[in-house]
Amino acid sequence: MTWQRAARLLPLLAVMMLVGSCSKKTPTLNLLVWEGYADPSFIKAFEEQNHCKVSASYMGSSDELMAKLRGGSAGNYDVISPSSDVAASIVKAGLAAPLDLSKISSYNQLSPQLTSLALVHANGQVYGVPFTWGPDPIIYDTTAFKAPPDSWNVMWDPKYKGKVSVWDDLSTMYMAAQVLGFDKPDPSQLYNLTDEQLEAVKKKLLELKPNIRKMWATGGELTNLFENHEVVIAMGWPLNTAELKRKNFPVDEAIPKENTTGWIDHLMITAGSENKELAQAFLEYMVEATTQKLVTDVTRYVPANPQAARFMTKDDVKTLHLDDVDNYQKRLYFWQDVPRRAKYNEIWNEVKAAQ
């Protein structure tokens, strides 16, 4: 071959090499999940096993998730982790794909208390797998309290002016409703408040505002507020307690005498996903007992697969209440669908806007 002919073939070879490299492009699984659900400590093994990349975006609230899914972004994500307050709405709206449970071998190991709930069941099909669950506890700086706070009412104590943080989420309204006793005798009333009750909740939260240093939007933001000694008490997540303890910050958490709300997070595949087979494999991997244990190490949330306890220390089993699940769950009022969610958001936005 003459050098002139070789020179003419070089551009063609370059194009062929480019095409070849594109065809071998590593598939990417896109997640829209809560913080802590895509930690490298358990995600890396899935990437290696499936020769893919996992790319995670984090949401700050259930309403943010719903807004993105309904705003046309559903096709941008393959897997989502909705909580129990919006899971049913996502199914009803046709935003999730039905699952092939025969491909999720660990499904029968999952807690029957969770899989039996109607949240992700419709038309004889299942649209999500329970992943983790847990409480919205009081988190507090132990140097600021002689004894663990035993009531949500402490948040309103004038001595903590400018030292309190609450989540920028409707769950803060549920907490105020508990303080007002609206969960008696039926805890599900928290998610079906009347106009009169919502006005009372609004008034109660407006009374709290002088004590609020900042409403946190992400778990990392709340952790920083504690680390910077801007707040001494908050409603938060066990993830915050775990992160602060890892940093040797003097922190602990408590479930007050009024009890607290809690959540069940599911993993779902979006209806618009173009990687449904890979997404299905991801769900299978994430609910395996060994993976669930690793997730718990990061988040300190309770695993949906109780067999994860086999890989934990006795102390961890006790801390996560896996030795007494039924009694622990009685103290948690799991989030439910909120039929008048728009009205709740209207009241919550009025609280936030008030000076």
**Q** Can you confirm whether Tyr328 sits close enough to Ile255 that some side-chain heavy atom of one is under 4.5 Å from a side-chain heavy atom of the other?
**A**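 With C-beta onward as the side chain, the pair touches.
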**Q** Can you name the closest pair of heavy atoms from Ser81 and Met59 and give their distance?
**A**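 Closest approach of Ser81 to Met59, heavy atoms only: O-CE, 3.3 Å.
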**Q** Going by atom types only, do Asp315 and Thr313 share a side-chain donor-acceptor pair under 3.5 Å?
**A**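 Note: Asp315 and Thr313 side chains miss the donor-acceptor criterion.
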**Q** Would you call the rings of Trp167 and Trp216 parallel, tilted or perpendicular if under 30° counts as parallel and over 60° as perpendicular?
**A**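 Ring orientation of Trp167 relative to Trp216: parallel.
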**Q** Short question: side chain of Thr223, backbone of Gly219 - any donor-acceptor pair under 3.5 Å?
**A**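 Answer holds: yes.
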**Q** Any sub-3.5 Å donor-acceptor pair from Asp39's side-chain atoms to Ser41's backbone N or O?
**A**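 Present.
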**Q** Salt bridge or not for Glu207 and Lys203, using N-O below 4.0 Å?
**A**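 Counted as a salt bridge, because a side-chain N and a carboxylate O are separated by less than 4.0 Å.
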**Q** From the options Tyr191, Trp348, Trp263, select the one residue that forms a ring-ring contact (aromatic ring centres under 6.0 Å, His included) with Tyr174.
**A**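 Among Tyr191, Trp348, Trp263, the one meeting ring-ring contact (aromatic ring centres under 6.0 Å, His included) with Tyr174 is Tyr191.
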**Q** Strictly by modelled atom types, are Ser61 and Asp63 linked by a side-chain donor-acceptor pair under 3.5 Å?
**A**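 Distance-only check fails for Ser61 and Asp63.
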**Q** Which heavy-atom pair separates Pro130 from Thr115 by the least distance, and what is that distance?
**A**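 Pro130 and Thr115 have their closest heavy atoms at CG-CG2, 3.8 Å.
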**Q** Hey, what do you get for CG (Leu99) to NE2 (His266), rounding to the nearest 0.5 Å?
**A**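 One gets 10.0 Å once the value is rounded to the nearest 0.5 Å.
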**Q** Check whether any side-chain heavy atom of Leu198 sits under 4.5 Å from a side-chain heavy atom of Met173, and report yes or no.
**A**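 Answer yes - side chains close enough.
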**Q** Kindly assign one of parallel, tilted or perpendicular to the pair Tyr285 and Phe46, based on the angle between their ring planes and the thresholds 30° and 60°.
**A**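 Correct class here is tilted.
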**Q** Looking at side-chain heavy atoms only, is the closest gap between Ser165 and Arg213 below 4.5 Å?
**A**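 No, too far: nothing below the 4.5 Å cut-off.
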**Q** Taking atom types as modelled and ignoring hydrogens, do the side chains of Ser151 and Glu258 form a donor-acceptor contact shorter than 3.5 angstrom?
**A**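 Note: Ser151 and Glu258 side chains meet the donor-acceptor criterion.
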**Q** Does a donor on one side chain and an acceptor on the other come within less than 3.5 Å for Asp326 and Gln113?
**A**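 The answer is yes; a qualifying pair exists.
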**Q** Only one of Met235, Met175, Glu253 clears side chain to side chain contact (heavy atoms under 4.5 Å, CB included) with Asp136; which?
**A**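 It is Met235; the other options fail the test.
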**Q** More than 12 foreign heavy atoms under 6.0 Å from NZ of Lys352: is that the case here?
**A**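 Yes, the 6.0 Å shell around NZ holds more than 12 heavy atoms from other groups.
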**Q** Does Gln178 form a side-chain hydrogen bond (donor to acceptor under 3.5 Å, both in side chains) with Thr260? I'd like the steps, not just the answer.
**A** CA-CA 8 Å; Gln178 282 187 268; Thr260 189; 4.6 Å; no
**Q** If you define the side chain from C-beta out and look only at heavy atoms, does anything of Val325 sit under 4.5 Å from Ser111?
**A**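 Contact flag for Val325/Ser111 side chains = no.
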**Q** To the nearest 0.5 angstrom, please state how far the CD atom of Gln197 sits from the OG1 atom of Thr194.
**A**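 One finds 3.5 Å between CD of Gln197 and OG1 of Thr194.
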**Q** Apply salt bridge (Lys or Arg N to Asp or Glu O under 4.0 Å) to the pair Lys293 and Asp316, showing each step before the final yes or no.
**A** CA-CA 10 Å; Lys293 191 270 181 186; Asp316 279 348; 5.6 Å; no
**Q** I need the Phe131 CZ to Leu110 CG distance, nearest 0.5 Å.
**A**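 Going from CZ on Phe131 over to CG on Leu110, the span is 11.0 Å.
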**Q** Could you check whether any side-chain heavy atom of Met286 comes within less than 4.5 Å of a side-chain heavy atom of Val129, counting everything from C-beta outward?
**A**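 No, their side chains stay 4.5 Å or more apart.
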**Q** Any ion pair linking Glu243 and Lys247 (charged N to carboxylate O, less than 4.0 Å)?
**A**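 No, Lys247 and Glu243 are not salt-bridged.
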**Q** To the nearest 0.5 Å, what is the distance between CG (Leu170) and CG (Asn345)?
**A**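 With rounding to 0.5 Å, CG (Leu170) is 4.5 Å from CG (Asn345).
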**Q** Keeping the roles fixed (side chain from Lys276, backbone from Ser273), state whether a donor-acceptor pair exists under 3.5 Å.
**A**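 Answer holds: yes.
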**Q** Do Asp100 and Ser102 have a side chain donor and acceptor closer than 3.5 Å?
**A**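 Short answer, yes.
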**Q** Working note: Asp183 + Asn259, criterion side-chain contact (heavy atoms from CB on, under 4.5 Å); need CA distance, chi angles, decisive distance, verdict.
**A** CA-CA 10 Å; Asp183 56 330; Asn259 295 332; 5.8 Å; no
**Q** Between Asp265 and Tyr37, is any side-chain donor less than 3.5 angstrom from a side-chain acceptor?
**A**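 A pair is found: one side chain offers a donor N or O, the other an acceptor, under 3.5 Å apart.
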**Q** If we only count heavy atoms from C-beta on, is the Leu190 to Tyr333 side-chain gap below 4.5 Å?
**A**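 SC-SC contact between Leu190 and Tyr333 confirmed.
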**Q** How about Ser89 and Asp337: does a side-chain donor come under 3.5 Å of a side-chain acceptor?
**A**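 Yes, Asp337 and Ser89 have a side-chain donor paired with an acceptor closer than 3.5 Å.
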**Q** Should the heavy atoms of other residues, nucleotides or ligands under 6.0 Å from NZ of Lys44 be counted, would the total exceed 12?
**A**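 Result for NZ/Lys44: open.
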**Q** Tell me, with the steps shown, if Ser83 and Trp34 meet side-chain hydrogen bond (donor to acceptor under 3.5 Å, both in side chains).
**A** CA-CA 9 Å; Ser83 297; Trp34 294 109; 3.1 Å; yes
**Q** Could you tell me whether Lys343 and Glu346 make a salt bridge, using a distance below 4.0 angstrom between a side-chain N and a carboxylate O?
**A**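 Judged by the 4.0 Å cut-off on N to carboxylate O distance, Lys343 and Glu346 do form a salt bridge.
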**Q** To the nearest 0.5 Å, what is the distance between OH (Tyr77) and CG (Leu69)?
**A**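 If we round to the nearest 0.5 Å, Tyr77:OH and Leu69:CG are 8.5 Å apart.
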**Q** Looking at side-chain heavy atoms only, is the closest gap between Lys314 and Val317 below 4.5 Å?
**A**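 Result no, sub-4.5 Å side-chain heavy-atom pair not found.
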**Q** If you count the non-hydrogen atoms of other residues, nucleotides and ligands that lie under 6.0 Å from CD in Glu196, is the total more than 12?
**A**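 Incorrect, the count does not exceed 12.
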**Q** I'd like to know if Asp157 pairs up with Lys163 as an ion pair, taking the criterion as any Lys NZ or Arg NE/NH1/NH2 lying under 4.0 Å from an Asp or Glu carboxylate oxygen.
**A**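 The answer is no: the pair does not qualify as a salt bridge.
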**Q** Would you call Lys245 and Asp252 a salt bridge, taking side-chain N to carboxylate O under 4.0 Å as the test?
**A**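 Yes.
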**Q** Under the criterion side-chain hydrogen bond (donor to acceptor under 3.5 Å, both in side chains), which of Arg310, Gln109, Gln292 is the partner of Asn305?
**A**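 Output: one option passes, namely Gln109.
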**Q** With a 4.0 Å cut-off, would you call Lys202 and Glu350 a salt bridge?
**A**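 Yes, charged N to carboxylate O under 4.0 Å.
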**Q** Would you confirm whether Tyr344, through its side chain, and Asn192, through its main-chain N or O, come within 3.5 Å as a donor-acceptor pair?
**A**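 The answer is yes, because a donor-acceptor pair under 3.5 Å joins these two groups.
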**Q** Could you give the distance from SG (Cys52) to CG (Leu278), rounded to the nearest 0.5 Å?
**A**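 Between Cys52 SG and Leu278 CG, I get 4.5 Å after rounding to 0.5 Å.
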**Q** For Trp237, does its backbone N or O pair with a side-chain atom of Asn240 as donor and acceptor, under 3.5 Å?
**A**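 Checked: pair present.
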**Q** Look at the side chain of Arg340 and the backbone N and O of Leu193, then say whether any donor-acceptor pair between them is shorter than 3.5 Å.
**A**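 Yes, the answer is positive, given that a donor and an acceptor are paired below the 3.5 Å cut-off.
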**Q** Identify the two heavy atoms, one from Gly128 and one from Val120, that lie closest to each other, and give their separation to 0.1 Å.
**A**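 For Gly128 versus Val120, the nearest heavy atoms are O-CG2, 3.5 Å.
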**Q** Can any side-chain N or O of Asp78 pair as donor or acceptor with the backbone N or O of Asn30 at less than 3.5 Å?
**A**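 A pair under 3.5 Å: yes.
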**Q** How about Lys184: does its NZ atom have over 12 heavy atoms from other parts shown lying under 6.0 Å from it?
**A**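 For Lys184, atom NZ is crowded (more than 12 foreign heavy atoms under 6.0 Å).
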**Q** State whether the number of non-hydrogen atoms from other residues, nucleotides or ligands found under 6.0 Å of Glu227 atom CD is greater than 12.
**A**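 Enclosed.
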**Q** Is any side-chain heavy atom of Met155 less than 4.5 Å from a side-chain heavy atom of Val166?
**A**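 Counting from C-beta outward, Met155 and Val166 do come under 4.5 Å.
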**Q** Has the side chain of Asn228 got a donor or acceptor atom that lies under 3.5 Å from a matching backbone atom of Glu230?
**A**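 No, Asn228 side chain to Glu230 backbone: no donor-acceptor pair under 3.5 Å.
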**Q** Please determine whether side-chain contact (heavy atoms from CB on, under 4.5 Å) holds for the pair Lys214 and Glu221, giving the CA-CA distance in whole Å, both sets of side-chain angles, and the decisive distance to 0.1 Å.
**A** CA-CA 10 Å; Lys214 189 174 185 181; Glu221 189 175 7; 2.8 Å; yes
**Q** Count the heavy atoms of every other residue, nucleotide or ligand shown that sit under 6.0 Å from NZ of Lys204, and state whether that count exceeds 12.
**A**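 Atom NZ in Lys204 is crowded, with more than 12 foreign heavy atoms closer than 6.0 Å.
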**Q** Would you say Arg331's side chain and Pro256's backbone share a donor-acceptor pair under 3.5 angstrom?
**A**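 Present.
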